[in-house]
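Chain letters run A, B, ... following the sequence lines, proteins first and then strands; every chain starts at 1. Just so it is clear, the structure is predicted and the values come from calculations on it, not from any experiment.
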Amino acid sequence: RKEVEQDPGPFNVPEGATVAFNCTYSNSASQSFFWYRQDCRKEPKLLMSVYSSGNEDGRFTAQLNRASQYISLLIRDSKLSDSATYLCVVRETTDKLIFGTGTRLQVFP
Amino acid sequence: GAVVSQHPSWVICKSGTSVKIECRSLDFQATTMFWYRQFPKQSLMLMATSNEGSKATYEQGVEKDKFLINHASLTLSTLTVTSAHPEDSSFYICSARDQLAGTIYFGEGSWLTVV
């Protein structure tokens with residue numbers, strides 16, 4: 001079983017759509033959780049941290065359910081510029097970041 | 001904000017030669033840096049954890065004699081791919097942990113092509 005599993009994707013959605021990504025992790029001792037965005041042939045960039053209380057940053061909402069070991073990301077009112085690969089990332093006790101395989105999003109006009 | 005610089009961005013080398021990639025934290029000190037590798041359409045896979053002043057910790061399946069890591073200062077870690085082969089062609093990315101703030105920052109990555 002992979003340590004961090006994500007929706008297989010790709011997701012092809014029209015501009016303005018709402019899209020949700022899911023992620024599960026296997027290590028219950030994991031400490032921190034993040035969503036990163038990676039554009040083609042570039043390094044990953046932090047999109048947002050994920051907290052148990054849920055958090056929102058503009059059109060992006062992230063949720064964490066520690067009991068289910070489940071993380072989600074919701075993108076509202078999708079823009080063309082949102083097209084990228086979204087990586088679910090878990091930080092373990094040793095500071096190691098474990099990356100999911102990523103879900104590709106393509107927003108079309 | 002904090003920046004992690006990685007050099008070179010692109011490198012092409014011949015089979016059998018060695019290539020060195022540098023990861024530098026520009027405005028913070030990093031006792032710990034991480035090296036990742038990403039093959040096409042795959043996720044980032046942690047190769048090793050680089051610790052300033054001590055030996056690196058390698059992940060299972062990563063050959064320490066092939067991927068030499070040196071973390072001689074609080075701002076610089078280097079990864080040397082020795083006796084490179086075409087299957088080593090990949091995107092190598094480093095990250096550095098700001099030891100004061102705890103935040104982890106990524107370098108821009110290095111594309112290695114072995115011909």
Inset, instruction - Give a yes or no on this: more than 12 heavy atoms of other residues, nucleotides or ligands lie within 6.0 Å of atom CE of Met45(B). - result: no
Legend entry - Gln6(B) side chain near Glu43(A) side chain, heavy-atom distance below 4.5 Å: no
Legend entry - Common cluster, Ile75(A)/Trp35(A), ILVMFWY with side-chain heavy-atom separation under 4.5 Å: yes
Legend entry - Steps toward side-chain hydrogen bond (donor to acceptor under 3.5 Å, both in side chains) verdict (Gln38(B), Gln38(A)): CA-CA 12 Å; Gln38(B) 186 177 32; Gln38(A) 186 175 26; 2.8 Å; yes
Inset, instruction - Below 4.5 Å from any heavy atom of chain B, which atoms of Arg41(A) appear? Answer side chain, backbone, both or neither. - result: both
Legend entry - Phe106(B) ring center near Phe99(A) ring center (under 6.0 Å): yes
Legend entry - Sidechain-backbone polar pair: Ser43(B) side chain, Gly100(A) backbone, donor-acceptor under 3.5 Å: yes
Inset, instruction - Would you mind checking which part of Tyr36(A) comes under 4.5 Å of any heavy atom in chain B, side chain (CB onward), backbone (N, CA, C, O), both or neither? - result: side chain
Inset, instruction - With a 4.5 angstrom heavy-atom cut-off, could you sort out which part of Ile98(A) is near chain B: side chain, backbone, both or neither? - result: neither
Inset, instruction - Under 4.5 Å, counting heavy-atom pairs only, tell me which of Leu97(A), Val89(A), Leu46(A) racks up the most with chain B. - result: Leu97(A)
Legend entry - Hydrophobic cluster identity match, Met48(A) and Ile71(A), side-chain contacts under 4.5 Å: yes
Inset, instruction - Name the region of Leu44(B), side chain, backbone, both or neither, that has any atom closer than 4.5 Å to a heavy atom of chain A. - result: both
Inset, instruction - Examine Leu100(B) and Ile104(B) and state if one hydrophobic cluster contains both, with Ile, Leu, Val, Met, Phe, Trp and Tyr joined whenever side-chain heavy atoms are less than 4.5 Å apart. - result: no
